[in-house]
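It should be emphasised that the depicted structure is a prediction, and the values quoted were computed from it without experimental measurement. Throughout, numbering of the chain's residues begins at 1 and tracks the sequence.
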Amino acid sequence: MIIFGTKGYLYQLAILTLVCGGCGNPAAHTLRKRVTKFTLFFVPLFPISTKYATQCTFCGTEVKIGREQAEQLQAQAAGAAAPYGQGQGQGQGYGSAQQPYQS
């Protein structure tokens with residue numbers, strides 16, 4: 001008997017201040033990456049799909065975005081989170097990836 005399936009992981013990549021398209025408020029938005037992996041005997045082997053989205057913390061509106069736009073937003077967040085006097089990529093700020101939430 002072979003047991004296989006999928007498992008989802010949710011990564012929070014960054015927190016950005018953007019103007020929400022749903023409510024129109026300038027609010028914090030979380031940049032998230034959802035990865036679905038194929039599992040064999042409950043061991044995740046390889047990713048099947050990867051999707052990116054931003055979610056408004058004020059109203060909860062979620063907008064799906066492409067990989068290129070997600071990378072641009074993550075670079076923007078990493079540049080804004082760098083401490084004063086340090087160049088981009090020298091310090092670890094709020095734009096760094098966190099451990100995944102399992103769903």
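Atom CD in Gln74 sits 13.0 Å away from atom CD in Gln69 (nearest 0.5 Å). To the nearest 0.5 Å, the span separating NZ on Lys64 from OG1 on Thr54 amounts to 10.5 Å. Here the CD-CG distance, from Gln76 to Leu18, works out to 7.0 Å after rounding to the nearest 0.5 Å. Considering NE2 of His29 and CG of Leu16, their distance stands at 9.0 Å, rounded to 0.5 Å. Separation of atoms CD (Gln72) and CD1 (Ile65) is listed at 9.5 Å; rounding is to 0.5 Å.
The side chain to side chain contact (heavy atoms under 4.5 Å, CB included) check on Thr36 picks up Thr6, Ser49, with sequence neighbours excluded. Partners of Val19 according to the side chain to side chain contact (heavy atoms under 4.5 Å, CB included) rule, which considers only residues two or more places apart in sequence or in another chain, are Pro26. Glu71 meets the salt bridge (charged side-chain N to carboxylate O under 4.0 Å, His left out) test with Arg67; sequence neighbours excluded. Legend: residues meeting side-chain hydrogen bond (donor to acceptor under 3.5 Å, both in side chains) with Thr17, ordered by chain and number and at least two apart, are absent. With sequence neighbours excluded, no residue forms a side-chain hydrogen bond (donor to acceptor under 3.5 Å, both in side chains) with Glu62. In this structure Phe38 satisfies the ring-ring contact (aromatic ring centres under 6.0 Å, His included) test together with Phe46, sequence neighbours excluded.
With a 4.5 Å cut-off on side-chain heavy atoms, Lys37 and Tyr9 count as touching. Within the 4.5 Å cutoff, the side chain of Ile15 has no heavy atoms near those of the Thr57 side chain.
Of all heavy-atom pairs between Phe4 and Leu40, the closest is CB-CD1, 4.2 Å. What you find for Pro47 and Val35 is that their closest heavy atoms are CB-CG1, 3.9 Å. The nearest pair of heavy atoms linking Leu13 to Tyr52 is CD1-CE2, 3.9 Å.
Within a 6.0 Å radius of CZ in Phe42, other residues, nucleotides and ligands contribute 12 heavy atoms or fewer.
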